[in-house]
**Q** 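Let me give you the structure first, and then I'll get to my questions.
Order of the sequence lines fixes the chain letters, A, B, ..., with proteins taken first and strands second; residue numbering starts at 1 for each chain.
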Amino acid sequence: MNFELTEDQREIKRTARDWLAARYPIARVREIALDGAADDTWDEVVELGWPEITDFGMVELAVVAEELGASLAPTPLASHWAARLLHPELEGRGTVAMWDEGGTDPAASTMDGPAGTKIAVPAAEGADVFIVTASGGRHFAVPSSAATVEPARALDPTRPLSTVTFDGAGEELSGDHFGRAWHAIAVAAAAESVGVAARVTAMSVQYAKERKQFDRPIGSYQAVSHACAQMFLETEGARNVVLWAAWALDHDPDAAFMAANSAKAYASDAAVNVCRSALQVHGGIGFTWEHDLHLFLKRAEANARAFGDSTWHREQVAAAHL
Amino acid sequence: MKICVLVKSVPEAGVTKRINPSTGRLERGGETRDNPFDTHAIEAAMQLKEGGELQVDEIVAVTMGPEAAAKALRKAVSLGADRSIHLSDEALAGSDVNGTGYALARVLATESPDLVLLGQQSDDGECYTIGAVVADHLQMPSLTQVIKIDVEGGALRCERQAEYGYDTVSIPLPAVISVGDAINEPRYPSLKAIMGAKKKPLETKSAADAGIEADRVGYDHARAHCAEFAEPPAKAAGQIIEDEDTSETVEKIVAWLDERKLLA
């Protein structure tokens, strides 16, 4: 299998990296996430065509998603993608409202239609359309005029969550939403986790080269260099399984189920493991509020739980094969 | 009118520049990207076209280099150029600035452009001079390091960065202008533009197609050859001032700066 990105995909990745670096340097991410500054880049995102990247291909989506994770961009793009994967004809900016009292299993919603309350709704403020999960795997497209949004506490400050109450208006969507669409959403989240892991690995290696103890860079000590090597291994492993899954979703539907669940499970764990190891490599400075590591750790932890955690995805594979 | 924009494919920014001691030429292997300075030239061309003060009918991107150099052309058309020309021939390999400028001028001559734009420097060779060489061959006026272009009648009123401040120069067309990175903020190519870049016309020309005389290009006919190379001298160790008493530390820093006439 050829894991090389095509030239177009590399150019998309480079454009994403350049644009995100220009619009979301980490100081700007902090302003938006921690100080409440407004994020005003959505119009530019639309001009770039990224909200419709779901129409072009999953590998294209995955390479942009990885850059989103690496930059910690507090943009609503990821939740819009999730909504668009469930509802390809969606107009305006969308988001997903999946979870309620039924728990984190995406198929276990207790809502009998588009009426009720959903928790942990990402990027709800400013969304035009909510894709609401109801019991029996049904989904409804609900306009924002039928939703009441209340901000909620979120682990990841770069990705605000809300509690949203729906008054019952909405149009039921047809299609098998827990098939390809669900797998694609999981792969997009996994790709973001790869970006987090890659950025944190790079930060850690750089720090290990610069930081000296006993007159030597700490990276020269095996305890640190082995930790960095393990971070690299998990990052690359996650990237490869994510690209396989993204490719399979478009080209090998028979493998897509296994690939998508594997990608989400592996990348979720990898990003969290990498961030935790990074905290050890950075020592005391890594635990401070002023250092950026906690922002990456929170994104990794939140992403690991979004759209099915690693245990849930492994259980899906086990249930299908055992 | 027609604007031609010269573009170049260069090594990724993270790649360490290295001269191959056996060939005396800069190594350009590995991952490449479009020269960042050229994106400012494309943006300047697009702004002239979209500004409406000049009737710009066509923007043509031109490059010279091996097959991989076409990547810079695809980026140029994704940013708005209408078509592109790739001058590619083994006989051109190793050309110096004189040979490259001559060869590019031959291609440009067949296009009869009203304006040639290019970045003031490439990210790898950084010679800054290709625009002037091209202009000389085309017998056109040339401006370098331009950071502002306004249309004034049928001419362009430009500000160019000088050693102290700026020069304001009015230049008639046709002309060759190299632009600095302060001139604009280049746009980013949209997804559709990237995916559609391959559909725009790309013409590949050999040296013979462009009427290039073989004894004026290539490594063997270069006027400049690098002979010896040496690593740049190591930087002297800096001075570390320990902050034991802040007032005293500030005094030491101010004295250090003052000694070097760095304070106004």
**Q** Go through A/Asp18 and B/Arg33 one step at a time and tell me if the salt bridge (Lys or Arg N to Asp or Glu O under 4.0 Å) criterion holds.
**A** CA-CA 12 Å; A/Asp18 289 350; B/Arg33 65 168 300 160; 3.0 Å; yes
**Q** Just wondering, more than 12 heavy atoms not from B/Lys2 lying within 6.0 Å of its NZ?
**A** yes
**Q** Crowded around B/Glu90 CD? As in, over 12 foreign heavy atoms under 6.0 Å?
**A** no
**Q** More than 12 non-hydrogen atoms from neighbouring residues, nucleotides or ligands closer than 6.0 Å to CD on A/Glu91, yes or no?
**A** no
**Q** Roughly how far apart are B/Arg187 CZ and A/Thr15 OG1, rounded to 0.5 Å?
**A** 13.5 Å
**Q** Of the non-hydrogen atoms in A/Leu48 and B/Pro189, which two are nearest, and what is the gap between them?
**A** CD2-O, 3.7 Å
**Q** Does any non-hydrogen side-chain atom of A/Glu52 lie less than 4.5 Å from one of B/Lys192?
**A** no
**Q** CZ of B/Phe229: more than 12 outside heavy atoms within 6.0 angstrom?
**A** yes
**Q** Between B/Tyr188 and A/Glu47, is the side-chain contact (heavy atoms from CB on, under 4.5 Å) condition met? List the steps.
**A** CA-CA 9 Å; B/Tyr188 295 86; A/Glu47 276 179 32; over 6 Å; no
**Q** To the nearest 0.5 Å, tell me how far B/Leu191 CG sits from A/Trp50 CH2.
**A** 9.0 Å
**Q** When rounded to the nearest 0.5 angstrom, what distance separates OG in B/Ser190 from CD in A/Glu44?
**A** 12.5 Å
**Q** Does a side-chain N-to-carboxylate-O contact under 4.0 Å join B/Lys198 and A/Glu11?
**A** no
**Q** Side chain, backbone, both or neither: which part of B/Lys75 has a non-hydrogen atom closer than 4.5 Å to chain A?
**A** side chain
**Q** With a 4.5 angstrom heavy-atom cut-off, which part of A/Gln9 approaches chain B: side chain, backbone, both or neither?
**A** neither
**Q** For residues B/Ile194 and A/Asp8, report the shortest heavy-atom separation together with the two atoms involved.
**A** O-OD1, 3.7 Å
**Q** Regarding B/Glu31 and A/Arg10, does a basic nitrogen lie under 4.0 Å from an acidic carboxylate oxygen?
**A** yes
**Q** Given heavy-atom pairs under 4.5 angstrom as the criterion, report whether the side chain, backbone, both or neither of B/Arg74 touches chain A.
**A** side chain
